[in-house]
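Note sheet for the following structure.
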Amino acid sequence: MKIHTEDRKLGDAADGTMRLGQSFQRAEGALKVNGAATYAQDYVLENTVHAVLVQATIGAGEVLSIDATAANSRPGVLLIMTAETIEPLSPATDPVGGPMRTEPYNPLARTVLYHGQQIAAVVAETREQAEEAATLLAITYRESDVTADFHAANAGAGIAVARADLDWGDAQGAFDAAEIKIEQTYQTPREYNVPLEPHAVVADWQGDQLTIHEPSQWVDGMARTYAEWFGLPFEKVRLISPYVGGGFGCKVFAMPHGAIAAMAARAIGRPVKLAVTRAQTFTAFGGRAATWQTLKLGADKTGKLVSIIQTGASETAMDSVRLEQLNQATAVMWGVDNFHSRQNAVPVHTVFPGALRAPGKNPSAFGLECAMDELAYATNINPLQLRLINEAEKNPQTGEPWSSRKMRDALAEGARAFGWDRRPMAPRSMRNGHELIGWGLACGTFPARHTPAEATIRILADGSAEVLSSAIDMGTGTYTVLAQVAADALGIAIDDITVRLGDSILPRAPIAGNSQIASLMAGVVHKASIAAKERLIEIALTAKGSAFAGLQANTLEVRDGRVSSAMAPQETIPVYEILRSTGTEIIEVTRDTFPTDVSAADRYRSYTTTTGMQAPPNGGYSVYSWCAHFIEVRVDEDFGTVRVCRVVSALDCGRLYNPKLSESQWRGGIIMGIGQALLEAGNVDPRNGRVINNSLGDYLIATNADIPSIETISVGVPDYRASEMGGKPVGEISIVGVAAAISNAVFHATGKRFRRLPLNIAEILD
Ligand code: MCN
Ligand code: MOS
């Protein structure tokens with residue numbers, strides 16, 4: 001079985017200069033383009049059988065019976081799994097740090113809490129046989145009342161979630177006394193991740209060793225869940241995910257379909273492949289929860305904010321609370337002395353909501369940045385000027401200084417490139433024929449995490465090197481960036497570096513989420529590479545008959561795969577020659593960024609739960625990425641259609657490890673933001689909670705025709721308080737604020753405010 005594909009090698013930068021900070025193509029790009037990259041579904045193990053999921057067709061109630069007689073009689077059918085026929089699994093630790101679950105875990109439901117919940121699975125020799133047999137299951141239900149629409153009155157006020165409470169100053173008093181008051185409500189719908197690669201699992205047991213091929217943003221976390229479900233030691237589960245066809249937050253945790261595949265494989269004693277269909281993905285995992293928030297902004301006549309009061313709610317599942325936390329951008333974006341926020345979670349009959357690019361920050365900024373535009377018009381101050389007036393010199397919540405915050409530069413550079421100074425203040429003042437033109441501005445932010453990680457560096461006998469880590473590259477650039485870091489630190493050509501990722505037998509890494517992996521892994525790979533190079537130099541110095549014998553270690557350097565010393569300029573010896581002459585087969589060094597006194601238990605918790613280890617304080621600094629989006633829209637007066645024509649975004653993400661890939665990340669986020677503003681919404685049938693538009697034909701995302709010219713500008717500077725190598729988060733920041741900038745631009749075009757996503761043509765025409 002092929003686990004690692006061919007070496008992922010890169011064209012070199014030609015000269016011996018720093019690779020980090022340069023633009024390289026994606027290391028694995030060619031493999032993906034020519035189809036050689038192996039995604040989970042591509043693994044064909046000998047003797048594989050196929051499982052298909054059967055999902056509930058009611059929104060709430062009980063499964064009374066599942067008659068499998070007809071299905072069982074079909075050719076090739078091996079196993080029919082229902083809540084009754086399978087032995088529940090052991091409870092697993094909550095990977096987000098909630099209390100230990102005590103109930104045995106049954107991935108197939110008897111009590112239905114949402115339409116599309118997994119209630120059965122059929123396993124057969126072929127996929128087609130399993131699909132056909134699944135249609136023959138005779139299922140009876142007892143239905144009960146469904147509360148599906150979070151925005152409807154019957155959804156109620158929900159449960160207050162105290163951890164979202166945030167207060168400083170006297171927000172109510174300051175708001176009451178404010179000269180200018182804005183009070184508006186903003187809404188966002190259920191949105192889905194819709195990665196191009198749907199979820200799939202290939203599960204394979206060899207004795208008590210479980211191997212899972214599954215797209216994953218976090219192989220260590222998922223491996224722990226599988227291990228606990230099946231009562232295995234952690235080391236007995238191997239999770240393999242070298243490539244991910246998009247995750248955007250939906251491939252983080254082990255899910256019911258994974259449990260089902262592994263249970264089926266164990267029961268049948270053969271590898272099981274379970275591919276979730278596109279339609280099923282809409283309920284196999286929850287996307288971003290729908291939200292509403294009411295914002296009250298109090299300001300004085302000069303536009304200076306004096307108070308922000310935020311109340312809101314997000315939907316959650318009936319049996320578990322997840323918050324799409326709405327104060328995350330609100331609390332740090334602008335300087336304000338008085339702040340109050342409260343948020344409820346409203347249970348509805350829906351799949352447990354999940355993370356979607358910039359969870360919390362994204363809807364948070366939609367509300368705040370639309371409200372700031374409303375404040376700009378209430379005070380008749382240019383929206384850009386209003387932001388400058390309210391620039392936060394320090395973190396308004398904690399009082400900490402920023403590690404770096406180039407918001408002023410983002411506003412200035414973005415405005416210059418966009419031509420913002422030519423913008424007339426009055427709405428409806430620019431047009432081209434029957435198209436109204438509007439220019440909108442909104443800002444965004446994203447916090448940095450600092451989670452420990454491990455990495456191993458190997459210098460091999462042929463002078464090449466390997467970087468090993470279980471970290472994930474979902475198309476972001478981890479392979480490429482880590483090769484750049486290692487090439488610099490080792491002094492070995494980037495062409496001679498191979499990066500192996502996405503396998504839980506490799507050194508531990510935290511989740512490729514929260515836009516943290518590039519900086520965390522760059523830091524630890526740098527550290528391990530330096531240590532490996534030191535070992536190499538030690539060997540070069542002490543080898544018998546070494547040309548460098550007697551020299552000081554610090555006079556030796558490794559460059560382009562050769563060791564040299566300023567003290568012996570005539571000698572430059574290739575790395576492989578040093579290894580050969582000393583009989584050294586391999587130099588292998590593992591380093592980590594855990595605190596030195598960390599216990600084994602804390603270490604394990606750290607890489608297998610999202611909240612396992614508190615991030616070490618960044619020396620008392622608040623670390624965030626920042627951005628400003630300038631967007632032009634054209635609104636057709638006759639048809640109400642909105643076209644985004646031009647985007648200029650200026651972003652502060654600290655040092656960029658690879659500007660080309662950062663730009664690609666930024667553009668991806670902006671494009672998703674355009675889809676969010678104009679197209680995306682999971683539409684739910686209020687009668688039964690069914691997601692109506694559960695296909696890529698009906699759940700619309702932005703396509704090439706929707707995407708205008710996008711210019712991105714980096715205003716970041718290396719920030720070594722943020723991370724070892726000076727970078728800040730890149731992967732999610734650029735989606736934050738895009739929808740607000742578009743809504744603000746549509747206001748500027750039409751004179752109408754749009755406070756509910758996606759923007760609605762009918763409302764535009766009203
Ligand atoms: N980068 C850089 N300089 C920095 C930081 C990052 O050049 N200072 C570049 C690197 O190419 C790096 C990439 O940006 O590989 C993303 O780095 P980072 O911000 O650390 O984010 P992660 O690697 O942790 O990726 C996760 C992030 C998240 S949380 C979501 S959601 C998202 C995103 O990445 N999902 C994506 N971008 C995505 N891009 C693709 N193609 N597919 C997804 O599923
Ligand atoms: Mo990203 S939503 O943190 O995976």
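Start at 1 with the first residue, then count along the sequence. Counting convention: from 1, in listed order, for ligands and their atoms alike.
Electrostatic pairing of R500 and E466 counts as a salt bridge here, judged by a charged N lying under 4.0 Å from a carboxylate O. A salt bridge links K728 with D652: at least one charged nitrogen is closer than 4.0 Å to a carboxylate oxygen. A salt bridge is defined here as a Lys NZ or Arg NE, NH1 or NH2 lying under 4.0 Å from an Asp or Glu carboxylate O, and K406 with E413 fails to meet this definition. A salt bridge between E732 and K361 is absent, with no side-chain N of the basic residue lying under 4.0 Å from a carboxylate O of the acidic one. Salt-bridge formation is not detected for the pair R26/D473: no Lys NZ or Arg NE/NH1/NH2 atom is positioned less than 4.0 Å from an Asp or Glu carboxylate oxygen. Salt-bridge formation is not detected for the pair E724/K527: no Lys NZ or Arg NE/NH1/NH2 atom is positioned less than 4.0 Å from an Asp or Glu carboxylate oxygen.
Distance alone, capped at 3.5 Å, places no donor-acceptor pair between the S320 side chain and the A317 backbone. A distance-only check finds no donor-acceptor pair linking the side chain of W218 to the backbone of S216 [under 3.5 Å]. One N or O on the side chain of Q217 and one on the backbone of K251 form a donor-acceptor pair closer than 3.5 Å.
Not less than 6.0 angstrom separates the ring centroid of W402 from the ring centroid of Y621.
Residue V730 touches ligand 1 through backbone and side chain together, judged by heavy-atom distances below 4.0 Å. Contact annotation: for R655 versus ligand 1, heavy atoms closer than 4.0 Å belong to the backbone alone. Contacts between L356 and ligand 2 below 4.0 angstrom, taking non-hydrogen atoms only, involve the backbone exclusively.
Nearest protein heavy-atom contact of atom 43 (C) of ligand 1 is F248 CE2, 3.2 Å. Annotation: atom 4 (C) of ligand 1 to nearest protein heavy atom, Y657 CD1, 3.3 Å. Looking at atom 4 (O) of ligand 2, its nearest protein heavy atom turns out to be Q217 NE2, 2.8 Å. In this structure, the protein non-hydrogen atom closest to atom 23 (O) of ligand 1 is I517 CB, 3.7 Å. At the shortest separation from atom 17 (O) of ligand 1 among protein heavy atoms lies A518 CB, 3.4 Å. Nearest protein heavy-atom neighbour of atom 28 (C) of ligand 1: E732 CG, 3.7 Å. Regarding atom 3 (O) of ligand 2, its nearest protein heavy-atom neighbour is N514 N, 2.8 Å. In this structure, atom 21 (O) of ligand 1 lies nearest to the protein heavy atom S515 CA, 3.3 Å.
Ring planes of Y192 and Y699: perpendicular class, angle over 60° (limits at 30 and 60°). Using cut-offs of 30° and 60° on the angle between ring planes, the pair Y186 and F366 is perpendicular.
Heavy atoms of P359 come nearer than 4.0 angstrom to ligand 2 in at least one pair. The shell of residues lying under 4.0 angstrom from ligand 1, judged by heavy atoms, includes G246. Ligand 1 has no atom lying under 4.0 Å from any heavy atom of G668.
With 3.5 Å as the limit, one finds a donor-acceptor pair spanning the side chains of E400 and S622. Between the side chains of Q280 and N694, no donor-acceptor pair of N or O atoms lies under 3.5 Å.
With a 4.5 Å cut-off on side-chain heavy atoms, Y43 and I240 count as touching. Two residues are said to be in side-chain contact when any heavy atoms from C-beta on lie closer than 4.5 Å; P758 and P189 meet this criterion.
The nearest non-hydrogen atom to atom 16 (C) of ligand 1, considering only L20, T476, N514, comes from T476. Atom 39 (N) of ligand 1 has its nearest heavy-atom neighbour, among M672, M474, Q665, in Q665.
At under 3.5 Å, not a single nitrogen or oxygen of G249, backbone or side chain, sits near a nitrogen or oxygen of ligand 1. Between E732 and ligand 2, at least one N/O pair is under 3.5 Å apart. The shortest N/O to N/O separation between G727 and ligand 1 does not fall below 3.5 Å. In terms of polar-atom proximity, defined here as any N/O pair under 3.5 Å, P729 makes no such contact with ligand 1. Note: an N/O pair closer than 3.5 Å links G247 and ligand 1 by distance alone.
Near G477, with a cut-off below 4.0 Å to any heavy atom, the atoms of ligand 1 are 11 (O), 15 (O). If you number the atoms of ligand 1 from 1 as listed, the ones under 4.0 Å from a heavy atom of V481 come out as 10 (C), 11 (O). Atoms of ligand 1 lying under 4.0 Å from at least one heavy atom of K728, given by number and element, are 4 (C), 5 (C), 8 (N). The distance from ligand 1 to the heavy atoms of L661 drops below 4.0 Å at these ligand atoms: 11 (O). Interface of G475 with ligand 1, defined as ligand atoms under 4.0 Å from a residue heavy atom, comprises 41 (N). Those atoms of ligand 1 with a heavy atom of L656 less than 4.0 angstrom away are 3 (N). Of all the atoms in ligand 1, the ones that sit under 4.0 Å from a non-hydrogen atom of S662 are 1 (N), 2 (C), 3 (N), 7 (O), 9 (C). Here is the list of ligand 1 atoms found below 4.0 Å of a heavy atom in T478: 15 (O).
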